[in-house]
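Working notes for the structure below.
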Amino acid sequence: MKKWLGVSFIFPIFAFLCFSAVGRKTITVGTTTDLPPFSFHENGIHKGFDIDLINAVGKKINYHIIIKDLPFRKLEVALLNEEVDIIMAGMTITDDRKKSFNFSDPYFNNTQVLLSKNKNFKFKNSKIGILEGRINVFNNKNLSFEKFCNLFKAVDNLKENNIDFLAMDISTAYYFAKKYNLEIINPNLPTTNYGIGIHKKNSQLLQEINKALISIKDEGIYDEIFEKHF
């Protein structure tokens with residue numbers, strides 16, 4: 001009996017120490033899984049460029065990565081409320097966002113384009129689909145806009161002629177254009193940068209992530225991940 005009691009007493013302490021250690025080495029990543037090829041679900045598994053990259057970062061700095069799937073429009077709030085440690089979902093670095101939270105060094109360059117069913121297009125009086133929370137660079141008095149909270153639903157509306165165009169970043173547009181035989185209209189807009197959003201309290205984590213990104217690029221790991229998805 002004494003032996004059993006001794007084991008019972010030791011086990012909770014051991015378990016507590018293990019779980020505490022794991023807790024200190026865990027990063028919860030807020031992302032949205034309707035953004036191929038950056039973040040998506042396949043057979044119930046999180047996949048994509050962003051997912052592979054943040055897992056490589058986690059490996060570099062010895063953190064276990066936990067993915068939390070959220071609508072894009074809720075990511076910033078989740079970060080500010082500390083429901084997640086970082087957010088990573090093809091998020092453009094902007095001055096407005098930097099007022100609320102920090103960004104890592106840029107990890108991807110992109111530009112916005114329009115997805116269409118037809119090469120022959122007229123912008124005047126057109127309806128453009130945009131995603132909630134995304135930057136809209138197509139503001140024009142001759143255009144109307146319809147917001148969508150899910151990218152796949154937005155693409156379905158484009159295919160069904162409920163909207164004339166769908167605004168999105170070019171890398172994602174290539175994915176859908178190839179899959180559904182759609183056209184990409186490139187208005188040659190300025191390039192933007194994607195970054196990892198990090199709470200302003202976590203300056204140490206920001207430094208660790210930036211250091212890991214440099215190592216991943218220097219060692220060719222970034223190029224391997226890029227070739228896998230693009």
Side-chain angles (χ1 to χ4, degrees), residues 23-41 46-112 130-137 147-151 167-172 189-217 221-222 225-226 229-230:
R24 287 196 301 271
K25 286 290 184 180
T26 297
I27 297 176
T28 301
V29 182
T31 189
T32 180
T33 51
D34 67 345
L35 192 69
F38 293 95
S39 180
F40 58 94
H41 265 143
H46 290 99
K47 292 187 176 183
F49 178 83
D50 281 5
I51 303 301
D52 285 351
L53 184 60
I54 197 57
N55 277 316
V57 167
K59 186 176 181 180
K60 275 288 175 191
I61 58 179
N62 196 28
Y63 278 83
H64 175 63
I65 301 298
I66 296 175
I67 303 296
K68 186 172 184 178
D69 185 13
L70 295 166
F72 187 88
R73 68 186 185 280
K74 294 185 178 181
L75 289 175
E76 295 181 36
V77 174
L79 179 63
L80 295 177
N81 290 340
E82 299 181 70
E83 298 167 15
V84 296
D85 299 306
I86 65 175
I87 50 179
M88 188 177 184
M91 183 166 287
T92 301
I93 300 172
T94 67
D95 289 336
D96 282 343
R97 284 173 173 157
K98 287 193 287 187
K99 293 175 184 177
S100 301
F101 52 89
N102 291 326
F103 274 103
S104 70
D105 294 335
Y107 69 87
F108 199 91
N109 297 327
N110 223 327
T111 186
Q112 278 206 15
I130 58 175
L131 298 173
E132 288 188 16
R134 293 283 178 182
I135 306 300
N136 178 18
V137 298
K147 290 184 177 182
F148 297 91
C149 60
N150 182 281
L151 182 54
M168 65 176 68
D169 291 337
I170 192 169
S171 300
T172 304
L189 295 168
T191 299
T192 59
N193 294 314
Y194 286 173
I196 301 169
I198 305 165
H199 201 287
K200 287 184 179 290
K201 290 181 179 179
N202 288 336
S203 58
Q204 179 63 36
L205 181 59
L206 174 62
Q207 293 176 16
E208 291 182 80
I209 288 176
N210 280 336
K211 186 176 179 180
L213 286 172
I214 292 171
S215 295
I216 287 167
K217 289 178 181 178
I221 299 171
Y222 182 95
I225 296 171
F226 185 92
H229 294 285
F230 298 100

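Start at 1 with the first residue, then count along the sequence.
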Would you say [X] and [Y] make side-chain contact, with heavy atoms under 4.5 Å?
| X | Y | result |
| --- | --- | --- |
| Leu131 | Phe72 | no |
| Ile86 | Ile209 | yes |
| His41 | Lys47 | no |

What heavy-atom pair brings [X] and [Y] nearest, and what distance separates the two atoms?
| X | Y | answer |
| --- | --- | --- |
| Ala167 | Ile130 | CB-CG2, 4.2 Å |
| Ala212 | Lys60 | CB-CB, 3.8 Å |
| Leu75 | Ala89 | CD1-CB, 3.7 Å |
| Pro37 | Phe230 | CG-CE2, 3.3 Å |
| Tyr107 | Gly90 | OH-N, 3.7 Å |
| Ile93 | Ser104 | CD1-O, 4.0 Å |

To the nearest 0.5 Å, tell me how far [X] [atom1] sits from [Y] [atom2].
| X | Y | atom1 | atom2 | answer |
| --- | --- | --- | --- | --- |
| Phe40 | Thr172 | CZ | OG1 | 11.0 Å |
| Lys59 | Ser215 | NZ | OG | 13.5 Å |
| Asp52 | Ile221 | CG | CD1 | 11.5 Å |
| Met88 | Asp50 | CE | CG | 4.0 Å |
| Glu76 | Phe101 | CD | CZ | 4.0 Å |
| Lys211 | Leu206 | NZ | CG | 13.5 Å |

Worksheet item: How are the rings of Tyr194 and Phe108 set to each other: parallel, tilted or perpendicular (split at 30° and 60°)?
Response: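 If you compare the ring of Tyr194 with that of Phe108, the planes turn out parallel.
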Worksheet entry | Tyr222 and Phe49 aromatic ring geometry - parallel, tilted or perpendicular at 30°/60° bounds |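 Ring orientation of Phe49 relative to Tyr222: perpendicular.
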Fill in: Short side-chain donor-acceptor distance under 3.5 Å, Asp69 and Thr33
yes
Discussion item. Whether the Thr32 and Asp34 side chains hold a donor-acceptor pair (N or O, under 3.5 Å, no angle test) is what I'd like checked.
Written reply: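 Thr32 vs Asp34: donor-acceptor pair found between side chains.
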Main-chain N/O of [Y] paired with [X] side-chain donor or acceptor, under 3.5 Å:
| X | Y | answer |
| --- | --- | --- |
| Asn62 | Lys25 | no |
| Thr191 | Thr111 | no |
| Asn210 | Asp105 | yes |
| Thr192 | Asn110 | yes |

Worksheet entry | side-chain contact (heavy atoms from CB on, under 4.5 Å), paired with Asp85, selected from Ile65, Ile27, Ile66 | Ile27
Discussion item. Let's go through Thr31 and Ile54 carefully: what are the C-alpha distance in whole Å and the side-chain angles of both, what is the deciding distance for side-chain contact (heavy atoms from CB on, under 4.5 Å) to 0.1 Å, and is it a yes or a no?
Written reply: CA-CA 11 Å; Thr31 189; Ile54 197 57; over 6 Å; no
Worksheet item: If you draw a 6.0 Å radius around NZ in Lys200, do more than 12 non-hydrogen atoms from other residues or ligands fall strictly inside?
Response: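 Enclosed.
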Discussion item. Does Lys217 have more than 12 heavy atoms from other residues, nucleotides or ligands lying within 6.0 Å of its NZ?
Written reply: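 More than 12 heavy atoms, drawn from other residues, nucleotides or ligands, come within 6.0 Å of this atom.
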